[in-house]
Each structure stands twice: as structure tokens, then as C-alpha cells.
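In what follows, a single structure is set out as C-alpha cells and then discussed.
Order of the sequence lines fixes the chain letters, A, B, ..., with proteins taken first and strands second; residue numbering starts at 1 for each chain.
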Amino acid sequence: MIELLYFAWVRERIGVDGEILPLPQGIATVSSLLDWLAGRSAGHAAALADRNAIRVAVDQVFAGFDAAVAAGAEVAIFPPVTGG
Amino acid sequence: MIELLYFAWVRERIGVDGEILPLPQGIATVSSLLDWLAGRSAGHAAALADRNAIRVAVDQVFAGFDAAVAAGAEVAIFPPVTGG
Amino acid sequence: MIAVAVQSTPIDAAVAVAPLTAERSDVGAVVTFTGFVRDDNGLTALTLEHYPAMTECALATIAAQAAARWPLSGGVIVHRVGRMVPGEAIVLVAVASSHRSAAFQAAEFLMDWLKTKAPFWKAEERAGGVTWVAAKASDDTAADRWNDRRGESVFELRPAV
Amino acid sequence: MIAVAVQSTPIDAAVAVAPLTAERSDVGAVVTFTGFVRDDNGLTALTLEHYPAMTECALATIAAQAAARWPLSGGVIVHRVGRMVPGEAIVLVAVASSHRSAAFQAAEFLMDWLKTKAPFWKAEERAGGVTWVAAKASDDTAADRWNDRRGESVFELRPAV
């Protein structure tokens, strides 16, 4: 299983705060995870359409699209941060 | 007459907060004023010996050694400032 | 040594900054930055969303970077979350040092990195509806000023596309 | 628009800074600098002498320069004079702006110019006696960062030897 968390407009477009899903065979990077998620619903597709506007944290640490993901990870998906 | 004000160690070396003196003929710049003052006492000489350590304001505005002085002016003589 | 807090209640600047100098006489300089909600273009409210499991660790990591780069005797970061109205404080950063240059630089560094490397998102409310604030290129540029090998290894927000 | 004050009583930072944001919702950033007496090398007290007839005008001129250089919505300079002990505040500078970069720069500018272009002198008391603080070349260098035609015409501290 993999735990997914969504924030800001990524959350709004997907329609849920997060989800826990079985990680399919062959998905081992953030990039392939996003490709797979984009196919799950129209909302997922809309949220993830512009990859330049997507940032990711794996296990609470910012990660690039080539970062590894594995079962048991917490992967958060969100727009560029705007705090401060 | 010219009004002279002394601050910090310039004041301490000269021994007074200030003095009002008749301005001698021929003294028309800060530089010539300092030369004349240095001859008034051992204290004045000690205070004004190192001109690199002396700063001046004429009528409450910082002034260079080539600035004009005339009767009626208020000339303050002090070390480089160290506030803030 | 730099305290961090995330809270949904109003920020009290005096309370946050007091510990930096309380009972001390070796602090020469304290620089404080406070960011406020502005009523730009009819803004009526601002909501700060964050990623709770990550936020405090991200702030602590940013704080540790500041402490490693400048000789600070103390500091504090307080970030508000939830909904707030114009005039309320969103964030407070304060740093204490023996010398003013270190205090100014560290405070500006903390703000630049908070803006670009901590998991907060702003949503603006106006009569016309709610919109998410877009990240500003100028904030990225400001943050990049402080990059060095250490910084880049700790944080890399951009996806390696 | 930038208020200036010279006082022999302790500086109350909260009171000094409050007017910058009171009743306003257009201020995005407030940067505050406070300088304190440090107990360096056994220092027991610090006395600030100044040139009363000139001080407020010098502070107002420095404040006007800051207001001309950055888009500020307000500011305050409070400088203490007389005798004070370690831990007490010597000076407080605060500026408000829509944007953080302007606020940081203006605050740092005000401090750099206060250190080099306002008629204050510090005397340090230690067990061994009283000594006048020497001006620091690093303060001149910091102040020179901000020079431009306007600045140089207004202030020229160095004698034209």
C-alpha cells in the first residue's frame, strides 16, 4: 500500500484529502506514480495535468520526480508552496 | 563671534563643553579655524592634534575641512560618530 | 536554539520575541520580521493550509540552516495557519546575534526559505470567490541567493524533469 | 512619515512599533531592528552623548532618505541617550512596507546610516575606567553600500583633506 496526501488545489481537483492504495507492480518512482494516478479519474487527470505546477514530498521530505517510491511510503502531492 | 561646541573626547581634552569667541581676521574655513584653535591651549592642541580623527558640523550640518565659516556660525567639533 | 511553532491562534509578537533577550546581556542585535494579511484588491480573508506531519520538521530544518550559517544567540519562527483577516499577522521571524549584519541576513534568509521551502499554501477570499495564490518567481530568486552545496543537498523543490 | 525620537528613558519596542500597523490593513511587512548594550569584556555601563541641536534633524534627514529610496508605509527611529546598562536597548528602527524586501533593505539602511551619519558618541564603562568607542571601518563600509549622488550630496562626513 501507498499513502497519498493532497493539498491546496491538487486536493480540490482530486476531491479527497488523500487515499491509501495498493502500489501496482512496476511503479518505483514519483514520475511513474503520477502517471498512474492521473489515469484514475478525471479529477486526478485535471490535478496532475501540468507537471510543472506539481511538487512532491516523499515521507515528509521534498523529492524530485525521479525519487524512488515504494510500498509503505507517504507521498504528498501539492502545488508550489506559498507560505511565509 | 563664533560659537564652538565640543563633544566626546574632544570635549574632555579641551576641558569645556563649548566656548564663544571673537573670530579673528583671516579665518574663513574649518581648516584655518582648527589651526587657530589648536594654538589656544595644551588641551586644544591635544584634542585637535590628529585631524584624521576630527569631524565637524557647521550650523548643525556635517562639513568638510574646506567648508566656509563666518561670524555667527555654530561650529561643533567631535570624533567620528559611534551611535546606533 | 531557534524555536519553531505553528499555530491557528493570533501571533503575539512581544511574547514570541521576549525570550531572545530575557535575562541576557550578550545580545547586541535583534531583527524581527512580521508578515501581515493585506487587503489587496478587495481581499477579505486568507486561509493558510499546511501539511501538518511535515511542517514543524521543515521549519526546524530551515532554522538549523540559519543557525549553521550565522552566529546567532537565538531565534524564533511562528507561522499561523487557518483563516485570518486583513491586518492579522501570518508569520513572525526573529533572530538575535551579537552583530547586526548577521541578524539582518539570518532574518531575511529565514523569510526567503519559508516562502519557498515550507509546506504552506495560501487561499485568498474575495467577493468573487476563493483563489489559490501562485508561487512567485521573485520568491524563488530571493531564495536562490542563499544556495550553496549544503542548502541544495537539504532542499530541492524543483522536480528533476 | 518616519517618526523620530531621542529619549533618555528606556525604549518600549511594542509601543514604538504599534502605530505602524494600527488601524491599517495595507501593510504586508514590518521589519524591526533593536540594538542592545552588551556586556563585552566586562562592560558595566554605556553612556550615549549626542549633539541635541543637531540630532533630531540628522535623524529626520536619514529617515527622509529611506522614504525616498523605498516604498514605505511608515517607520520609526528611537535612539536612547544617557547612561544605560547591559541588556538595555540603545536604538530601535522599524519600517513598514507592502513588501518584505523593501522593509529589510530600509531597516538595514537606517541602521547603517545611524551608525555613521548621526551625532552620537558611545563611552564604555569598565572596572578599568571609561573609554570612548572608536568608529569602525566596517560601519563605514556598510554605510557606503547605499551611496549614490543623492546620498553623497546630503552627507559628507569625511573631511576633504
Under a 4.5 Å heavy-atom criterion, the part of residues 1-24 of chain D in contact with chain B comprises none

Those residues of residues 85-103 of chain D that come under 4.5 Å of chain B on a heavy-atom basis, listed by number, are D:I90, D:V91

Minimal heavy-atom distance between B:V81 and D:K117, with the atoms involved, is CG2-N, 3.9 Å

B:E74 and D:A53 have their tightest heavy-atom pair at OE2-CB, 4.1 Å

Main chain of B:F7, side chain of D:W121: is a donor-acceptor contact present, judged purely on distance under 3.5 Å? no

Hey, could you give me the [atom1]/[atom2] distance between [X] and [Y], rounded to the nearest 0.5 Å?
X	Y	atom1	atom2	value
B:T82	D:L46	OG1	CG	8.5 Å
D:T55	B:Q60	OG1	CD	10.0 Å
B:W9	D:T131	CH2	OG1	13.5 Å

Assert top hit (heavy-atom pairs under 4.5 Å, partner chain D, pool B:A57, B:A53, B:P79, B:A76) equals B:P79

State, yes or no, whether a side-chain contact exists between D:E49 and B:F78 at a heavy-atom distance under 4.5 Å.
no

